[in-house]
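Notes for the one structure printed next.
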Amino acid sequence: MTDFAWTRDQFHLPEGVIYLDGNSLGPLPRATPDRVAQVMRPEWETMLITGWTKAGWHMKPETVGDRIAGMIGAEAGHVVVGDTLSIKIYQALAAAIALRPGRSVILSDTGNFPSDLYMAEGLARTLGNQTRLVTVPPEEVAAHLTDEVAVLMLTEVDYRTGRRHDMKALTEQAHAVGALTVWDLAHSFGALPVDLAGCNADFAAGCTYKYINGGPGAPAFIYVAPRHADVADTALQGWQGHEAPFAFDLGYRPASKVAKMRVGTPPVMQIAALEGALDVWDHVDIHDVRARSIELSERFIAGVEAHCPQLRLGAPRDPQQRGSQVSFHFEEGYAAMQAIIARGVIGDFRAPDIMRFGICPLYVSEADIDGAVEILADVMTNALWDRPEYKVRAIVT
Ligand SMILES: *Cc1c(COP(=O)(O)O)cnc(C)c1O
């Protein structure tokens, strides 16, 4: 049984803040500063370049990849860490398309995160437009699976509404028409149980700065199913994905299996920060997180609906159909979010009108939920959002 009082204690949370934005950037784990400092001193300071071997820096993408594999139902040796999620999606997609020659469609949905769609568009153009991206409403995905589809590329949990796809069923349906799947786990990893092998997923990628709390700029990861690992190609032939990077061959020879998805020099300090975050997860059962996330989310929805009739639920009402975030529609949602942030409740806003709240049981308690509802109710009831300074849009919302 996960001890959520203990997990909460593992994070630095500023006094007076109720943090409901861990779905965008998780808070700082207490152990992380020392973990990162250790890479600088003594490792970097005393080992200099020998740290790549002596401190194991070179293998971090794979050793930390294995830790992540164990958390998402992936086989050991089939996940590597590095780069950003956008880049890992590009690699996964390129590899999947190459395994389905003669098929012309990348199928995705209109709720997907723009970067995933931009990556797919750019890749299609690079491939001479023999492949095109088709986006359909999330509920129509299954109906658009035809034998033209090379790859079904979906984000399991919608970044705005929190709506969740059925990964297992859709993977099965994609396979039934001969398509492969690329699953984006951005809002799944650390939010709910993920079982890639159990779902028979082909490729997956995710980030570690959201629910995992790896810190701003924490690296992404990619999964390639064992059955594709030998044949999957990497679109980005970086030297770190070479079979023998230090042979400095003029020609590229891919490393084996998922190691070929490494690209360049790994971000060692960022990976150290990520390891600090993963140490907390060693004491956590994701099934407990899921159960608690549902409890807290239901409490939040009930409170908001009872006290804020101006807000309309944007997330599915059935908790099984949601990830670990709750969203509400409100026309002046941006201003309302600024008003509650000014009062210590941090969520975020997603255009055009979505107020988004991440429910992260590792450090969010019932008292936080009740406090957030109270402040939101005050802001809505008294129209405290209706002030010019709350309506000026920042670059990052
Ligand atoms: C957060 C997020 C991203 C971000 O990609 P980066 O390259 O890490 O900036 C991509 N896709 C989805 C679905 C996301 O939620």
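These values consider heavy atoms only, across backbone and side chains, with no hydrogens, waters or symmetry-generated copies. Both counts, for ligands and for their atoms, begin at 1 and track the order of listing. Source: prediction; values computed, not measured.
- Below 4.0 Å from some heavy atom of Ala186 lie the following atoms of ligand 1, by number and element: 12 (C), 13 (C), 14 (C), 15 (O).
- The closest side-chain donor-acceptor pair between Ser115 and Ser86 falls under 3.5 angstrom.
- At a heavy-atom distance under 4.0 Å, only side-chain atoms of Asp184, from C-beta outward, approach ligand 1.
- Asp158 and His187 share no donor-acceptor pair across their side chains, judged by distance under 3.5 Å alone.
- At a heavy-atom cutoff of 4.0 Å, ligand 1 is contacted by the side chain of Asp116 but not by its backbone.
- In this structure a side-chain-to-backbone donor-acceptor pair under 3.5 Å is missing from Arg164 to Val157.
- Of all protein heavy atoms, the one closest to atom 8 (O) of ligand 1 is Tyr209 OH, 2.7 Å.
- We find that Glu275 and Arg35 are joined by a salt bridge, their nearest charged nitrogen and carboxylate oxygen being less than 4.0 Å apart.
- For ligand 1, the polar-atom distance check against Lys210 finds a nitrogen or oxygen pair separated by under 3.5 Å.
- Side-chain contact check for Thr155 and Trp183: no donor-acceptor pair (N or O, by modelled atom type) lies under 3.5 Å.
- Under 3.5 Å, the side chains of Asp378 and His307 contain no donor-acceptor pair of N or O atoms.
- Residue-ligand proximity, His187 to ligand 1, at heavy-atom distances under 4.0 Å covers atoms 15 (O).
- Any N or O atom pair closer than 3.5 Å counts here, and Ser115 shares no such pair with ligand 1.
- The shortest contact between atom 7 (O) of ligand 1 and any protein heavy atom is with Ser86 OG, 2.6 Å.
- Checking Glu332 against Tyr390 by side-chain atom types alone, no donor-acceptor pair falls below 3.5 Å.
- Atoms of ligand 1 lying under 4.0 Å from any heavy atom of Thr155, numbered from 1 in the order shown and given with element: 13 (C).
- Checking only distances, Thr84 does come within under 3.5 Å of ligand 1, N or O to N or O.
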